[in-house]
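Read the structure below first, then the notes.
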Amino acid sequence: MKTAITVIASVAILIGIIYVAYLSNKGFEKTVVSQTQQELSTIAKAVATSLEEFFRGHSEALAVVSNNSLFQKDVYEKKRCDKPETIFCPIKNHYEAHKKDVDAITLLDADGIMLHREPFIKNRIGMDFTDKPGIAYVIREHKLHVSEVFYNNFGNLAISISGPIFYKDKFAGIVRWMIETDKISRRFVEPIKIGKNGFVWMFDNKNVVLSHPRKDFIGITVLDVVRKMHKKKDRTFDENTIKEHIKEKHGYLNRVKAEEAGYGMFINCATDENDIVAYKRVTAGNLILNLVVTLPYSEIISPINKHAREIFGLAGFVIMLLGAGGLVLFKSQKEKAKLETEARYLKQISDGAEALRKSEERFREFVEGTDNFITRVDSKGIILYVNDTSKKIFGLSPQECIGLSAFDFIHPDDREKTKAAFAKWVRDRILSTTFENRQVSRTSQVHYMRWNIKLYYDENYNLIAINSIASDFTDLKLAEDTLVAEMDRRMEFSRQLEEANRQLKRLTLIDGLTSIANRRYFDEFLEKEWQRNMRDNKPVSLIMGDIDFFKKYNDRYGHQAGDDCLKQVAAILNNIAKRPGDLAARYGGEEFAVVLSGTDLKQAGVLAENANKKLRKIRIPHSDSQAADFVTLSLGVASIIPKHGTKSYDLVKAADKALYKAKNSGRNCICDS
């Protein structure tokens, strides 16, 4: 009887202990899952923060280019770089400093035409970029634009950040980063390892996968990923069934797009098992990235269940033998499992803390080692922090600067302008801006500074502090002033040279005696008008003239009088060539020619008769002429509509034939051909 009671009591105690252990195990499991969700959520937020800082930093980096006055002027003047070492050389240095993050930097003019690109690709210069993401927006709005994900010219998924360039308050052009999403993935997503089978992946707001441990998923939609999963498992679903499957078992995809952040337990499409999932949305301009951190539930719960099974078996065995001693052992084993689980997560937290410490250490090394001047001031401009560059700019150590007013170091001529700008930023609640002024050190050394400024407010929009990073462009400013003076000198020399060339060309095309076109200019002009009227299907007329018995005129009145006679005849013929397509020229000796573009034979004859009338009216004496007792002209007129296969020489030949006819008809007359 006592034995039966002992057995029954032992069984009852065993069942009670197992039940209590089961409840305790479930509570512990719930705690671990909750902790895991919080840890995954922390990871997602950390990655999202890094991405937001990445896009913010590269947006600010564009300001370094867009605020460079040399680039502004060259972009405004639409200078193109046909060789990478000729124009925009410093842009290469800017690209080299950021190429671990970006794939290319491009300069465009105000019409979206490429002026330069690093890495340099010659055949891209002059390309129209207005169809590229964000370019039309920047041209229209003159504001920074972060694009959605797109396929670049190399067929890779990419993101662009485009910013405006201004010159003398006028929109001059655009500077543009192009960043392939693969670089973003390799830097921010792939390095993160979570347990044995956990991972981070990313997709955009169009559901296109941008980062995933399985490379064959990148570039396809989440829907296609599900389709691939089911195909691999020999499942056949139509499109509606797959969508319903996503809605039912993968609802977090919709939650990711609807909520900024969150976590939960969801079904894994590949294994049909639970996953612990945390998610975070990243927004930068038009770009929306959805980060998802995934860890199999089994990876968390398996060790707990294993220890529970071991504890239950061992507890039953020990209770059957030792009674109360088994309870102590059960608690010991359970505590061991709890400690081991906590130790594993503490190690993950420790690893994360160490990574954060190293990241902060690298950041501090960067801040203290950079040549840029980094400052933090309060709402009244009192310095809270400066880096070691203060020794160069202010002539003081960082410790000596703390508590001083930042306005005291501004050049007196720039101080009021800076204070007015400061007040306007606060009044308009500006979050970020750029500014240029001069700083004066304690040794009276002037530094030209270009500032990138961030302003921070509390929930009531009261200014808390201002962070600034500035570059000293004193050397560049001096070089720029020297360069501008040299460019002005060269431009003046170029203007003088152009004027000299125009005068030289005029001398080569104008007859020195009569001041009308010479034979060379006549030939060029006639050929040009011949080709133009061939396209327009219009006639070209030519008047050829010869002063009658001019040799006898020279013999009688002398060469000086002969020169005066030629000048007067040239002036009369030049007077009838009034339109842009007309030209009067000295053909040679006492011969003249008049080109009449778009004029038919009848109109040309009327103009020739007008010229003859004017010459007869001034009655230049010529007693040795056999045509009249004053100077006269023999004129030949011809007109042709140019056609393919004809030449301008055909018109000259026809007009010369008509002139020959006029001479044979007694001279002092007009004949046509």
Side-chain angles (χ1 to χ4, degrees), residues 41-42 44-64 66-67 134 137-138 140-147 161-164 166 169 171 205 257-262 280-289 291 360 363 367 372-387 390 398 401-410 414-437 439 449-471:
S41 181
T42 300
K45 290 177 180 178
V47 176
T49 300
S50 298
L51 283 170
E52 288 168 353
E53 287 296 327
F54 174 84
F55 291 116
R56 188 180 301 113
H58 284 87
S59 297
E60 293 171 353
L62 288 183
V64 175
S66 61
N67 289 319
Y137 174 88
V138 179
R140 183 177 66 252
E141 301 293 337
H142 302 169
K143 295 179 181 178
L144 183 81
H145 183 277
V146 181
S147 76
I161 306 175
S162 305
F166 295 92
D169 297 326
F171 176 67
N205 223 35
K257 295 174 71 173
E259 302 172 359
E260 183 176 346
K280 181 73 172 72
R281 187 168 69 239
V282 179
T283 303
N286 287 353
L287 176 66
I288 297 177
L289 300 177
L291 287 166
E360 290 177 347
F363 177 74
V367 168
N372 289 330
F373 186 36
I374 300 174
T375 64
R376 181 177 178 86
V377 301
D378 65 13
S379 59
K380 296 180 180 179
I382 302 302
I383 297 173
L384 303 176
Y385 168 82
V386 293
N387 65 348
S390 64
C401 294
I402 304 303
L404 300 179
S405 173
F407 293 111
D408 292 343
F409 296 96
I410 299 173
D414 291 350
R415 193 168 295 153
E416 292 306 317
K417 177 186 74 171
T418 306
K419 287 183 177 180
F422 184 90
K424 185 177 186 301
W425 300 336
V426 176
R427 184 175 66 252
D428 296 344
R429 297 174 180 173
I430 298 297
L431 297 177
S432 63
T433 187
T434 58
F435 193 70
E436 289 184 6
N437 63 13
Q439 301 285 314
M449 307 297 293
R450 182 175 292 115
W451 302 85
N452 286 294
I453 300 167
K454 289 279 187 181
L455 295 92
Y456 298 89
Y457 305 86
D458 61 18
E459 63 275 8
N460 297 318
Y461 287 100
N462 297 314
L463 183 65
I464 301 172
I466 298 177
N467 289 348
S468 305
I469 180 168
S471 57

> Donor-acceptor pair, R450 side chain versus S471 backbone, under 3.5 Å?
Replying inline: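 Absent.
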> So, does N372 use its side chain to make a donor-acceptor pair with the main chain of I469 at under 3.5 Å?
Replying inline: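 No; zero donor-acceptor contacts below 3.5 Å.
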>> More than 12 heavy atoms of other residues, nucleotides or ligands under 6.0 Å from CG of D169: yes or no?
In response: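 No, not enclosed.
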> When you look at NZ of K454, are more than 12 heavy atoms from neighbouring residues, nucleotides or ligands closer to it than 6.0 Å?
Replying inline: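 Result for NZ/K454: enclosed.
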> Quick one: ring-ring contact (aromatic ring centres under 6.0 Å, His included) partners of F407, sequence neighbours excluded?
Replying inline: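 Listed in chain order: F422.
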What's the spacing between [X] [atom1] and [Y] [atom2] if we round to 0.5 Å?
X: R376; Y: I466; atom1: CZ; atom2: CD1; answer: 10.0 Å
X: D378; Y: I464; atom1: CG; atom2: CD1; answer: 11.5 Å
X: H145; Y: L287; atom1: NE2; atom2: CG; answer: 10.0 Å
X: N467; Y: Y456; atom1: CG; atom2: OH; answer: 4.5 Å
X: N437; Y: D414; atom1: CG; atom2: CG; answer: 5.5 Å
X: I410; Y: E416; atom1: CD1; atom2: CD; answer: 9.5 Å

Taking all atoms of both residues into account, what is the closest heavy-atom pair of [X] and [Y], and its distance?
X: S390; Y: P398; result: OG-N, 3.4 Å
X: F373; Y: W451; result: CD2-CH2, 3.8 Å
X: P164; Y: K143; result: CD-C, 3.8 Å
X: V282; Y: E52; result: CG1-CG, 3.7 Å
X: L144; Y: Y137; result: O-CE2, 3.8 Å
X: V146; Y: S59; result: CG2-OG, 4.4 Å

Would you mind reporting whether [Y] and [X] have side-chain heavy atoms less than 4.5 Å apart?
X: E260; Y: K280; value: yes
X: Y385; Y: I374; value: yes
X: R415; Y: T418; value: no

Side-chain donor-acceptor pairs of residues 425-434 under 3.5 Å, sequence neighbours excluded:
unit_1 : atom_1 : unit_2 : atom_2 : d
D428   : OD2    : K424   : NZ     : 2.9

